[in-house]
Amino acid sequence: MNMRSKLSAQDFNSLLLQSPDLPLTAVGEQQAQGVAARLAHIHPTRVYSSPFLRALTTAQAYCTVVGMEPQIIDELREVIPDLFNDGRRTASLRRHYLRSFVEMAWARSGPTWRSEYRRAKLVWAIITAEPGDAIVAFSHAWMISMMLLALRRNPDWRVVSRDLDNVGISIVVRR
């Protein structure tokens, strides 16, 4: 399914509910192997992963190369907005995502941008609590975005590069 696919709000809700268990596509499998190859020269102290199957599969591909096991951290999971009411009309997948993320700005229950920002700060505290020269974390675009945003105010870390594309690699170093 691509971002232009048309679907009802009910189908979008179903997709959100399935999100943690959606496997990588054949292209995603190739991309995961590519990430593993691009990061093969890094020998991390620890590897962390979201519990969502797509991120975990990518982490496992990398861990096979470096001879480690990923540590799963629930807080690394993707940002998932609240479900829509069934009364919404059919729209593109992109429009459903945009609408749901915009609604997080003033949501009174469920995830809000403030709660997701706090979660991102918590994740960062968890993965940097132990010493280590290199730490690798596999997550999803919105959670990585929130973590990078949280780091802008942290004087101990500097974002060297940011890539939020599918299987993008963002690099952060200690100052």
Side-chain angles (χ1 to χ4, degrees), residues 1-29 31-32 35 46-63 70-128 135-154 159 162-170 172:
M1 180 177 307
N2 67 45
M3 294 302 274
R4 291 187 180 124
S5 299
K6 298 282 186 187
L7 63 162
S8 69
Q10 188 174 23
D11 290 339
F12 177 71
N13 289 344
S14 178
L15 181 66
L16 288 179
L17 292 171
Q18 294 172 19
S19 187
D21 301 319
L22 290 174
L24 289 174
T25 63
V27 170
E29 290 281 351
Q31 291 173 332
V35 165
R46 295 175 306 286
V47 176
Y48 296 103
S49 178
S50 157
F52 283 25
L53 186 57
R54 295 177 315 281
L56 185 55
T57 301
T58 304
Q60 289 168 333
Y62 172 65
C63 284
Q71 296 177 44
I72 298 169
I73 298 179
D74 184 59
E75 288 82 3
L76 271 171
R77 70 190 179 281
E78 178 59 298
V79 173
I80 302 280
D82 264 349
L83 302 178
F84 283 138
N85 295 329
D86 288 338
R88 299 213 183 228
R89 63 176 195 236
T90 299
S92 70
L93 180 57
R94 177 186 312 271
R95 178 167 234 126
H96 281 305
Y97 270 119
L98 288 173
R99 185 179 300 135
S100 65
F101 285 132
V102 166
E103 288 183 6
M104 285 177 64
W106 60 81
R108 295 196 185 273
S109 64
T112 64
W113 286 117
R114 175 174 270 142
S115 68
E116 294 305 289
Y117 179 76
R118 283 193 302 260
R119 179 164 61 100
K121 286 174 60 175
L122 173 64
V123 168
W124 190 251
I126 291 169
I127 67 176
T128 60
I135 301 165
V136 177
F138 292 88
S139 189
H140 314 269
W142 282 105
M143 178 46 57
I144 295 293
S145 297
M146 296 302 285
M147 290 172 67
L148 294 174
L149 181 63
L151 285 178
R152 289 180 59 199
R153 294 189 175 174
N154 187 321
V159 178
R162 141 201 337 252
D163 182 353
L164 301 174
D165 289 336
N166 200 22
V167 297
I169 298 170
S170 295
V172 177

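The first residue of the sequence shown is numbered 1, and numbering continues consecutively from there. Quick caveat, the model's predicted, so the values are computed rather than measured. The analysis underlying the following values was restricted to heavy atoms, covering all of them including side chains, and did not include hydrogens, waters or symmetry mates.
Taken from OG1 in T25 to CD in Q31, the straight-line distance is 6.5 Å, to the nearest 0.5 Å. Atom CG of residue L76 and atom CD1 of residue I144 lie 7.0 Å apart, to the nearest 0.5 angstrom. Here the OG-CZ distance, from S92 to R4, works out to 9.5 Å after rounding to the nearest 0.5 Å. Put simply, CH2 on W124 and CD on E75 are 15.0 Å apart, with the number rounded to the nearest 0.5 Å. Here the straight-line distance linking atom CG of L98 with atom CZ of R94 works out to 7.0 Å at 0.5 Å rounding. Atom CD in Q18 sits 11.0 Å away from atom CG in N13 (nearest 0.5 Å).
Shown are F101, F52, Y117; of these, the ring-ring contact (aromatic ring centres under 6.0 Å, His included) with W142 is made only by F101.
The aromatic rings of Y97 and F12 sit perpendicular to each other, their planes meeting at more than 60°, with 30° as the lower class boundary.
At most 12 heavy atoms of other shown residues, nucleotides or ligands fall within 6.0 angstrom of atom CZ in R95.
Every salt bridge (Lys or Arg N to Asp or Glu O under 4.0 Å) that E116 has, sequence neighbours left out, goes to R119.
Judged by distance alone, with hydrogens and angles left aside, the side-chain atoms of T112 form no donor-acceptor pair with the main-chain N or O of R108 at under 3.5 Å. A donor-acceptor distance shorter than 3.5 angstrom exists from the side chain of R54 to the backbone of S19, with no hydrogens or angles considered.
Side-chain contact between D11 and T90: absent, with no pair of heavy atoms (C-beta onward) separated by less than 4.5 Å.
Of all the heavy atoms in S139 and S50, the pair that sits closest is CA-CB, 4.2 Å.
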